[in-house]
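Each remark here refers to the structure printed beneath this line.
Any value given below was found using the heavy atoms of this structure, including those in side chains, with hydrogens, waters and symmetry copies removed.
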Amino acid sequence: MVIILLLSTLIIAIGMAFFLIKVLSSKNGTFSSQHIHDSKAMRERGIHCVMDQDKEMRRKSRFAVSEKSK
């Protein structure tokens, strides 16, 4: 039981050390955006996020249920 606790604590500590290295090595301590619409490669392939695809399909379809205005 103690061995499992020590091993899991060691794994978490190693993961946090790698995360700290990533934060310290990135400029201004920030990460690049992970959103699909911010990726140039995805835009070139015509791949959108599911929310954008849903909006596009709602505009194209005459049978789509319209969104409620906020």
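Applying the 4.5 Å side-chain rule to ILVMFWY residues, one finds V50 in the same cluster as M51. With side-chain heavy atoms closer than 4.5 Å counting as contact, directly or through intermediates, I3 stands alone and belongs to no larger hydrophobic cluster. If you chain together ILVMFWY residues whose side-chain heavy atoms come under 4.5 Å of each other, M42 ends up grouped with I36, I47.
Annotation: the span from R59 atom CZ to D54 atom CG amounts to 10.0 Å, rounded to 0.5 Å.
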Taking distance alone, no hydrogens or angles, what donor-acceptor pairs closer than 3.5 Å link side-chain atoms of residues 5-25 to residues at least two apart or in another chain?
residue : atom : partner : partner atom : Å
S8      : OG   : I4      : O            : 3.1
S8      : OG   : L5      : O            : 2.9
T9      : OG1  : L5      : O            : 2.7
S25     : OG   : I21     : O            : 3.0
S25     : OG   : K22     : O            : 3.2

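Considering only residues two or more places apart in sequence or on other chains, D38 meets the side-chain hydrogen bond (donor to acceptor under 3.5 Å, both in side chains) condition with S33.
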